[in-house]
Trainee: 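Questions regarding the structure given below will be posed in turn.
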Amino acid sequence: MLKAVRGTRDLLPPDTDLWNRVEAKVRDVMERYNFHEIRTPIFEDTQLFSRSVGEETDIVSKEMFTWEDRSRAIPAVPVLEVASGTRGRFSGQSLTLRPENTAGVVRAYIEHRLGDKGTLQKLYYIGPQFRRERPQKGRYRQFYQIGAEIIGPPSAGSESPIHDAEILEMLATLLDEVGLRDWQLQLNSVGGADDRARYNQALREALKPLLHQMCADCQRRAETNPLRVLDCKVPKDQPIIEKLPKVSEYLGEASREHFAAVGAMLDTVGIPYTINERMVRGLDYYTRTTFEFTHGGLGAQSAVLGGGRYDGLSESLEGPKAPGIGFAIGEDRLILALQSQGETIVEKLRAYIAPLGSGMNPHALKLARELRREGVSVDIGDEVFRLKRSFELAEKAGARFIVIVGENEVAAGQFAVKNLATAEQVQVQRAELAAYLKDSNPQPRKS
RNA sequence: GUGGGUGUAGUUCAGUGGUAGAACUCCGGACUGUGGCUCCGGCUGUCGAGGGUUCGAAUCCCUCCACCCACCCCA
């Protein structure tokens, strides 16, 4: 049997109802904050990611789905095939399934000269991303991210800490409105590019005499990415890590003030957060503010979303100066977290129409058409003689009401409507049926 | 890439060398104008795959595969 390949999965009803509810809420919140949707291609030139996310990161160095396309986009370089003699070969273009979406958004910003509009661009996206990692709870090879970016020329205020705070406040609102309880916001500043270089250097030197006491992973990290040492969870390394230099001591004056301003605004607005100087982000483009929202109930992958500022990203892609800040929500993880709280869709269907006996199908379809055109969600069964069967099917369909369409009803122009939860039954005139079904308050179903 | 766990009916699982099972689901009936309950009957399996040991393997051995969890890393 052919199956979905490793790390990918089908999303099926009723789960997709929850996914759609989350996405509808996201679009609603984004609109209120004046963000507008951007859709970028699902694959890009490989260089986009190596130059933004960073050549040395795990994502680029070992997790990307990359292939060579038979493209003419790159100047064709004929390579003489010595063996076959005459036939040439074209060097293809290296393409990659996007492992994240910020790079694509910034590429589009540069390509379409969005900076020339002179205003701040507030963009959001919802879509699949791809990383070739070993799957586990909350981690898939095709996964979904909901993200947003505020980016623009400095003259439009893109560097202002108010946008860091605005993004964080929006996230708090979004998580609250979507129904996630008990989230935690962790905040840090990794400083500008200069600050980070100096801090990296300081860490390397501080680690040098201590390395032999530390775990094998840390010895490796000290070489490749000293910041990652801070993220180590091995107990015996903790006392050593506690004594390492802190990022905050290496922030320049501007970064320090910027970070303080973000914190002050969050305090004023009343968003709770904790500063975690050991929080490390794995993408090279982050500068200054970085953050993570976490939630229990996610297993080892506790981060439900992450993000930060990327003031130099546009320039590293040969674009104009365009500081920005953004985040990505792991939608799969958000759904997992909601489900771990017992979140489900309560009402699946408003009304189930039960045609009773021979010849009632045309009447049922006509009534269904009328109701559906009035905006009522309706499903119809096939004609049966045993009402018991219809009730069971209505129940199984998750309907709130059952509407009985029999000869008596059609002749009288009024229908028997029964609330499946309360067992209350009334006769309703055909003309008033849609209004009746729509106006009735949903009652909690007996379980 | 590394480690651990699990693979038996649609689902959850029991079954430690001797006829493949239970519960739920599903289908039919009791029951052709009022559901959730009850009762009766029924369907469903290459026991993850391949090989080996044995008179005999779901069970023991080997190899492989898949899924889950964790490391790593990240959303």
Side-chain angles (χ1 to χ4, degrees), chain A residues 1 3-9 53 56-63 98-102 126-147 171 215-218 220-221 224-225 228 231-234 279-283 286 290-295 298-308 326-337 352 354-358 360 381 383-397 399 401-409 415-425 445-447:
Chain A
M1 191 188 13
K3 297 194 293 185
V5 306
R6 158 169 279 207
T8 70
R9 58 197 185 134
V53 174
E56 299 305 317
T57 59
D58 280 24
I59 293 176
V60 171
S61 66
K62 53 190 191 200
E63 294 173 2
R98 62 186 187 197
E100 60 102 53
N101 218 331
T102 299
I126 300 175
Q129 317 291 337
F130 306 85
R131 293 181 200 171
R132 203 187 167 292
E133 298 180 273
R134 192 86 171 256
Q136 70 186 77
K137 188 180 175 74
R139 201 173 74 179
Y140 310 97
R141 289 183 172 190
Q142 173 173 338
F143 60 104
Y144 294 81
Q145 285 190 335
I146 298 164
L171 282 166
C215 70
D217 281 334
C218 280
R220 177 178 51 78
R221 292 177 182 125
T224 58
N225 188 350
R228 291 239 73 91
D231 214 22
C232 177
K233 285 148 201 133
V234 175
M279 186 184 65
V280 175
R281 318 249 66 244
L283 285 68
Y286 283 120
T290 60
F291 55 87
E292 211 169 83
F293 282 68
T294 58
H295 189 267
L298 279 179
Q301 314 300 320
S302 62
V304 71
L305 73 90
F327 63 84
I329 300 172
E331 190 174 3
D332 309 73
R333 292 184 186 176
L334 177 56
I335 299 284
L336 270 178
Y352 181 93
L356 190 61
S358 94
M360 286 300 113
E383 58 183 33
V384 289
F385 291 100
R386 288 174 48 207
L387 252 190
K388 175 188 169 73
R389 180 72 182 144
S390 289
F391 271 88
E392 286 169 358
L393 291 171
E395 187 81 22
K396 198 174 291 181
F401 294 97
I402 185 170
V403 179
I404 295 162
V405 178
E407 286 179 20
N408 303 341
E409 280 79 2
F415 297 90
V417 179
K418 187 167 185 181
N419 184 321
L420 286 166
T422 63
E424 177 190 8
Q425 179 166 338
R445 295 164 66 85
K446 282 191 280 183
S447 52

Trainee: For A/Arg281, answer base if it contacts any base atom (sugar-phosphate contacts may also be present), sugar-phosphate if it contacts only those atoms, and nothing otherwise; contact means non-hydrogen atoms under 4.0 Å.
Mentor: sugar-phosphate
Trainee: Once you round it to whole Å, what is the distance between C1' of B/G5 and CD of A/Gln136?
Mentor: 14 Å
Trainee: When the distance from OH of A/Tyr352 to P of B/U34 is rounded to whole Å, what number comes out?
Mentor: 17 Å
Trainee: Quick one: label A/Glu292 by what it contacts on the DNA or RNA (base, sugar-phosphate, nothing), any heavy atom closer than 4.0 Å.
Mentor: nothing
Trainee: Check this for me: does the side-chain of A/Lys418 come within 3.5 Å of the base of B/G35 through a donor and an acceptor?
Mentor: yes
Trainee: Which part of the nucleic acid, if any, lies within reach of A/Arg221 when heavy atoms closer than 4.0 Å are counted: base, sugar-phosphate only, or nothing?
Mentor: sugar-phosphate
Trainee: Report the base-pairing partner of B/U53 (Watson-Crick or G-U wobble, both distances below 3.5 angstrom), or none.
Mentor: none
Trainee: How about A/Asp217 and A/Val234: do any of their side-chain heavy atoms sit closer than 4.5 Å?
Mentor: no
Trainee: Is A/Glu133 side chain donor-acceptor paired with the B/A75 base, going by distance under 3.5 Å alone?
Mentor: yes
Trainee: So, A/Asp332 and A/Arg9, do they make that salt bridge, N to O below 4.0 Å?
Mentor: yes
Trainee: Whom does B/U6 pair with, Watson-Crick or G-U wobble, provided both distances fall under 3.5 Å?
Mentor: B/A66
Trainee: Tell me: CZ of A/Phe385 to C1' of B/G29, nearest whole Å?
Mentor: 17 Å
Trainee: Taking any strand in view, what nucleotide pairs with B/C71 in a Watson-Crick or G-U wobble way, both distances under 3.5 Å?
Mentor: B/G1
Trainee: Charged N to carboxylate O under 4.0 angstrom, A/Arg281 versus A/Glu292?
Mentor: yes
Trainee: Once you apply a heavy-atom cut-off of 4.0 Å, does A/Ile404 come out as touching a base, just sugar-phosphate, or nothing?
Mentor: base
Trainee: Pick base, sugar-phosphate or nothing for A/Val384, based on heavy-atom distances below 4.0 Å to the nucleic acid.
Mentor: nothing
Trainee: Mind checking if A/Asp217 touches a base, just sugar-phosphate, or nothing, with heavy atoms under 4.0 Å?
Mentor: sugar-phosphate
Trainee: Hey, does A/Glu383 reach any base, or is it just sugar-phosphate, or nothing, if we go heavy atoms under 4.0 Å?
Mentor: nothing
Trainee: Using a cut-off of 4.0 Å on non-hydrogen atoms, how would the nucleic acid contact of A/Gln129 be classed: base, sugar-phosphate, or nothing?
Mentor: nothing
Trainee: Can you tell me how far C1' of B/C71 sits from CD of A/Glu63, to the nearest Å?
Mentor: 13 Å
Trainee: Using a 4.0 Å cut-off on protein heavy atoms (strictly under), produce a 5'-to-3' string for nucleotides 6-11 of chain B with B for base contact, S for backbone-only sugar-phosphate contact, and - for none.
Mentor: ------
Trainee: Is a donor-acceptor pair below 3.5 Å formed from side chain A/Glu395 to base B/G35, judging by atom type as modelled?
Mentor: yes
Trainee: For A/Lys396, is there an ion pair with A/Glu392 - N to carboxylate O distance below 4.0 angstrom?
Mentor: no
